[in-house]
Amino acid sequence: MNYISITHDQRASMLAKVGVSDVSELYQAIPTQVLLDGAPAVKGPTSEIDLAAQLAQLSNENIAAHEYVCFAGAGCYDHYSPAFIDHLLRRPEFFTAYTPYQPEVSQGTLQAIFEYQTGICELTGMDVANASMYDGATALVEAAFMALRLTRGKRKVMLVSEALHPEKLETMMTYASSELIEPVFIPVGQDLTTDAETFAELLSAYADQVAAVLLPYPNFFGIIEDLAPLIAAAKEAGAYVVLDTNPIMLGLLKSPGSLGADIVVGEGQPLGNAMSYGGPGLGYFACTQACVRQLPGRLVGRTTDADGNKGYVLTMSTREQHIRREKATSNICSNHALCALTAGMYLAAVGTQGLADIAQDCVTKAHYLREQLLETGLFASPVDGPSQQSFGYEFALSYQGQHDLTLWHDMMFEQGFFAGVILGGSTEVEDDDTEEAENSEALVLFATTEKRNKAQIDDLVTAVKSLG
């Protein structure tokens with residue numbers, strides 16, 4: 001992309017226009033701890049050749065997931081994306097396309113979104129899906145606000161399982177500062193699942209104030225919870241049911257629609273999108289036909305023109321840009337169309353059976369890895385019970401090693417592995433008499449995908465044993 005710099009005089013003129021004397025004054029609202037300290041990493045002025053060399057050196061300090069063997073997950077997964085997807089994404093009609101406000105000249109973009117919506121509906125078992133949202137976290141919050149509108153604002157309480165991803169819970173709290181919704185959190189029980197007893201108590205305590213119940217499927221710890229009793233109780237109380245799902249696991253699990261969900265959301269990154277330092281994400285959003293009038297974001301429909309030819313249009317109304325804010329179905333004014341196109345192509349490429357095979361491959365390898373790690377003695381099951389066997393391709397183990405967990409994790413990194421994600425807890429051991437109970441608080445979340453093979457899993461386990 002060509003870049004033409006402004007002159008010093010132009011810069012001074014612009015700064016004077018906005019009433020500041022230096023560029024640094026424009027960043028006064030940004031916390032100082034996140035600003036660069038000292039001189040910039042790139043030295044200059046310099047020649048183009050030297051500048052390119054400096055940038056290459058800086059780039060080499062980053063480590064891409066494919067350079068190491070990745071067993072990390074926690075919401076962002078190292079799945080394989082078919083080669084043709086990246087090739088098609090780079091076509092200018094997709095790569096540079098913007099929101100299709102003019103359907104008569106945007107038929108290709110609209111059809112691609114329509115196909116994506118169709119794929120999400122088939123995946124989730126729901127009636128309708130939107131054109132995508134920013135990411136899984138904002139999609140979950142938008143589901144809560146959708147439930148608020150569906151109950152005409154008469155119910156504000158959202159019962160939210162703490163077994164959801166922590167970042168999604170944090171996003172929920174950020175939006176809750178508006179005081180339009182009132183999240184009430186359901187704690188995680190000893191078995192790392194949504195505490196059913198507390199759920200029942202909260203549902204009874206808030207009675208007809210509950211607009212929606214937000215549950216994970218599977219949960220943050222990878223466990224596939226038995227949601228049927230919770231969903232039935234929520235329905236009986238007149239609350240909407242929102243399920244936050246892993247799209248790959250939907251290749252094996254019963255569809256959320258068949259479980260009775262009203263709204264289904266999730267993070268679509270596993271569907272062919274790169275990890276890319278945790279972003280960009282893709283929030284997929286689907287619901288039943290009864291809820292469609294309050295669906296946030298854009299919705300593409302298929303129709304016929306005056307001559308009987310097939311055509312695609314933005315249907316209903318894009319209420320996220322309503323002139324009256326209180327009438328808006330969302331205040332997110334764009335979707336992630338390129339990421340949605342990726343997901344649509346991925347689903348079309350692998351098909352129903354292919355997705356099921358990928359999910360089965362991931363799950364089989366995860367169960368094998370867990371068994372092998374438990375045999376090392378360096379890890380233990382955090383709790384006992386059936387839930388510890390009902391997991392997908394992600395699972396949590398309690399670290400029992402003699403090294404500090406962070407140190408152990410760094411040493412595994414030096415061995416060439418992203419050895420899971422540390423969920424918290426300190427395990428620094430100063431002498432042999434330290435109580436083992438301290439170790440039980442330190443959890444590591446491991447994940448496997450179809451890209452991991454048996455040799456890589458065995459190499460990880462060997463490295464774990466060597467550091468034990």
Side-chain angles (χ1 to χ4, degrees), residues 82 84-135 138-139 142-143 146 247 250 255 257 263-266 268 271-273 280-322 327-352 355:
F84 81 92
I85 290 180
D86 186 64
H87 171 72
L88 292 179
L89 281 180
R90 294 179 185 276
R91 292 179 63 92
E93 58 266 37
F94 290 131
F95 207 63
T96 60
Y98 187 57
T99 305
Y101 288 114
Q102 298 174 293
E104 65 276 9
V105 294
S106 306
Q107 287 297 292
T109 299
L110 287 167
Q111 181 177 356
I113 294 175
F114 180 84
E115 299 294 347
Y116 158 79
Q117 293 174 176
T118 302
I120 295 300
C121 287
E122 293 181 357
L123 186 67
T124 60
M126 304 305 283
D127 300 323
V128 62
N130 70 11
S132 79
M133 311 204 80
Y134 280 154
D135 56 19
T138 50
E142 288 293 338
M146 182 177 178
L250 292 183
S255 71
I263 306 169
V264 181
V265 298
L271 301 176
N273 284 280
L282 163 67
Y284 60 88
F285 196 115
C287 65
T288 61
Q289 187 68 34
C291 302
V292 69
R293 288 288 176 181
Q294 295 301 330
L295 182 70
R298 293 178 176 83
L299 179 63
V300 175
R302 186 169 63 189
T303 185
T304 54
D305 62 16
D307 298 322
N309 299 314
K310 184 189 302 181
Y312 298 90
V313 296
L314 288 174
T315 189
M316 296 189 180
S317 66
T318 53
R319 294 295 87 187
E320 76 280 354
Q321 293 179 334
H322 202 292
K327 294 290 185 180
T329 56
S330 170
N331 295 121
I332 294 178
C333 62
S334 185
N335 60 61
H336 274 194
L338 196 66
C339 297
L341 175 64
T342 300
M345 289 194 291
Y346 180 89
L347 290 172
V350 302
T352 303
L355 187 65

Query - Test item: V128 and L299 side chains (from C-beta on) under 4.5 Å apart, heavy atoms - result: yes

Report summary line: Sequence neighbours excluded, the answer for salt bridge (charged side-chain N to carboxylate O under 4.0 Å, His left out) partners of D127 is none

Please report, to 0.1 Å, the donor-acceptor pairs under 3.5 Å made by any side chain of residues 109-122, with sequence neighbours excluded.
residue: Q117; atom: OE1; partner: V300; partner atom: N; Å: 3.0
residue: Q117; atom: NE2; partner: V300; partner atom: O; Å: 2.8
residue: T118; atom: OG1; partner: F114; partner atom: O; Å: 2.9

**Report entry** Nearest heavy atoms of A337 and S132, plus distance in Å
**Finding:** N-OG, 4.2 Å

Query raised in the report: Can you check whether T288 reaches M126 side chain to side chain, under 4.5 Å on heavy atoms?
Result: yes

Query - Gap separating the OG1 atom of T138 from the CZ atom of F285, nearest 0.5 angstrom - result: 10.0 Å

Requested in this report: Taking all heavy atoms of A129 and all of L295, pick out the closest pair and write down the distance.
Outcome: C-CD2, 4.4 Å

Report summary line: In terms of heavy-atom contacts, F94 and L88 come closest through CD1-O, 3.5 Å

Query raised in the report: Is V265 close to E142 at the side-chain level, that is, under 4.5 Å between some pair of heavy atoms?
Result: no

Query - Inter-residue atom distance T124.OG1 - L250.CG, 0.5 Å rounding - result: 7.5 Å

Report summary line: Between the CG atom in L271 and the CG atom in L347, the distance rounded to the nearest 0.5 Å is 5.0 Å

Query - From CG (L282) to NE2 (H336), nearest 0.5 Å - result: 8.0 Å

Report task. Work out which heavy atom in G281 is nearest to a heavy atom in C339; give both atom names and the distance. Result -> O-SG, 3.8 Å

Query raised in the report: So, for C287 and M146, which heavy atoms are closest and what is the spacing to 0.1 Å?
Result: SG-CE, 3.8 Å

Report task. Look only at the side chain of D307 and the backbone of N309, and say whether a donor-acceptor pair between them is shorter than 3.5 Å. Result -> no

Requested in this report: For R91, check salt bridge (charged side-chain N to carboxylate O under 4.0 Å, His left out) against everything at least two apart and list the hits.
Outcome: E93

Report summary line: Heavy atoms of G268 and N273 approach each other most closely as O-ND2, 3.6 Å

